[in-house]
2 protein chains.
Amino acid sequence: MTKVILTKKQKELIEHVGIFFEHQGFPPAVARIFGLLLVSDKLELSFEEIYSSLNISKSAASNAINLLLNTNKIEYITKPGDRKRYFKVRIDQWEKMIKERFQGFSSYISLIQEIHDQRTKNTKAFNSSLKDLIGFLTFMSTEFPMLYEKWRKSKK
Amino acid sequence: MTKVILTKKQKELIEHVGIFFEHQGFPPAVARIFGLLLVSDKLELSFEEIYSSLNISKSAASNAINLLLNTNKIEYITKPGDRKRYFKVRIDQWEKMIKERFQGFSSYISLIQEIHDQRTKNTKAFNSSLKDLIGFLTFMSTEFPMLYEKWRKSKK
DNA sequence: TTATTAGTTCGTATATAACAGAACTAACAG
DNA sequence: CTGTTAGTTCTGTTATATACGAACTAATAA
């Protein structure tokens, strides 16, 4: 029972983060583990610390951790002469996550384009709204990388 | 059985659109109905046309349509001396949908802020990455409205 | 060689989402 | 009044997601 010590506030925040990530489509246990790793004072937690701190089963923890590893949300480190793995948030990957959110646009664009292309020509106003939408999303997806550069420079 | 006539290509596209909206979190039947209304030559479809064209039950259609109405994805019109309602996509609402996508950022920001504020001060690098992330998202959420204006002007 | 540790895998229970079908309701039509 | 239409609500079924717990495995330790 190598639990991580957590204040009441931290426990509440883990639930809060958990619910947030559930809304993003993660299963409850996955979302809690991610929350724990974000909130805990200790950044690198062992398998046992994770499942015992959250009162979830080993199997649930195993599956959840593997999901988080596979989607690059977390990674693990090892220590010489220690068989355990220590899991931590891949905070370095946040840029990628944000970009993925924008990437969503491009599949949105091609879907709407596909709809537009097969539509009857008789519904002019509707088709032109679709065109508008495509135009806007295309504009956004070209502007976004520039905006990103702008921010990167302003940071220095 | 007042089915809408659909080409094979249109039927396929409805499924394609359906799967896309399933990924966005809509139930299958809801996603199909939305797909049908986007793809069909006829823009305004009656209750019966919808459920019979998609081979879904009346109850499924009723619930799905109400969900789409409640979330402003569709609306309906009526015709004098005709008790039916004719449902159509609220294409005018697409701007709002995009904005909602960005609105998501602000709740993301406040969550990360909350995590950052309660963290131990001992994990400097990690905390500073969180700060970076907050800075970037804040930057994006202020720049977005400007970008939107830029597009609107360029359109005219 | 035996025990322990660090996880994984498998079978099972539980909850819930999604839909079908039938019964129902409200409005209007004849 | 009686029937019909347009849609809703209720009940039951099925499929799937999630997690538990126990058995298992592979590596190290003693």
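Letters A, B, ... are given to chains in the order of the sequence lines, protein chains preceding strands, and every chain is numbered from 1.
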Query raised in the report: How is A:A61 classified with respect to the nucleic acid when contacts are heavy atoms under 4.0 Å: base, sugar-phosphate, or nothing?
Result: nothing

Query raised in the report: What's the CG-P distance between A:L67 and C:dT9, to the nearest Å?
Result: 14 Å

Query raised in the report: Rounded to the Å, how far apart are A:K58 NZ and C:dA6 C1'?
Result: 7 Å

Query raised in the report: Where the side chain of A:F47 is defined as all heavy atoms beyond and including C-beta, which of C:dT8, C:dC10, D:dT28 is the nearest nucleotide?
Result: C:dT8

Report summary line: From OH of A:Y51 across to C1' of D:dC20 the rounded distance in Å is 13 Å

Requested in this report: Calculate the interatomic distance between A:I50 atom CD1 and C:dT8 atom P; express it in whole Å.
Outcome: 11 Å

Report task. Look at the side chain of A:D41 and the backbone N and O of A:V4, then say whether any donor-acceptor pair between them is shorter than 3.5 Å. Result -> no

Report task. Determine: side-chain N/O of A:K84 to OP1/OP2 of C:dA6, distance under 4.0 Å, yes or no. Result -> yes

Report task. For B:I65 and D:dG7, give me the distance from atom CD1 to atom C1', rounded to whole Å. Result -> 9 Å

Query raised in the report: Within this structure, what is the CG-to-C1' distance between B:D82 and C:dC28, rounded to whole angstrom?
Result: 12 Å

Query raised in the report: Does OP1 or OP2 of D:dT18 have a side-chain N or O of A:N63 closer than 4.0 Å?
Result: no

Query - Minimum-distance nucleotide (side-chain atoms of A:N66 versus D:dA6, C:dT8, D:dA19) - result: C:dT8

Query raised in the report: Taking OP1 and OP2 of C:dG7, is either one under 4.0 Å from a side-chain nitrogen or oxygen of A:R85?
Result: yes

Requested in this report: Return the value, rounded to whole Å, for the distance between atom CG of B:L68 and atom P of C:dA18.
Outcome: 13 Å

Query raised in the report: Can you find a pair of side-chain heavy atoms, one from B:E75 and one from B:R85, that are under 4.5 Å apart?
Result: no

Report task. Return yes if the base of D:dG21 and the side-chain atoms of A:S59 contain a donor-acceptor N/O pair under 3.5 Å, otherwise no. Result -> yes

Query raised in the report: Parallel, tilted or perpendicular: which fits the ring planes of B:F47 and B:Y51, with parallel below 30° and perpendicular above 60°?
Result: perpendicular

Query - Minimum side-chain heavy-atom gap B:K73-B:M97 below 4.5 Å - result: yes

Query raised in the report: Is the closest side-chain heavy-atom distance between B:I112 and A:W94 below 4.5 Å?
Result: no

Query raised in the report: Of all the choices, C:dC28, D:dA19, C:dT5, which nucleotide is nearest to the side chain of A:P28 once you look at every atom?
Result: D:dA19

Query raised in the report: How close or far is atom P of D:dA26 from atom CZ of A:R83, stated in whole angstroms?
Result: 13 Å

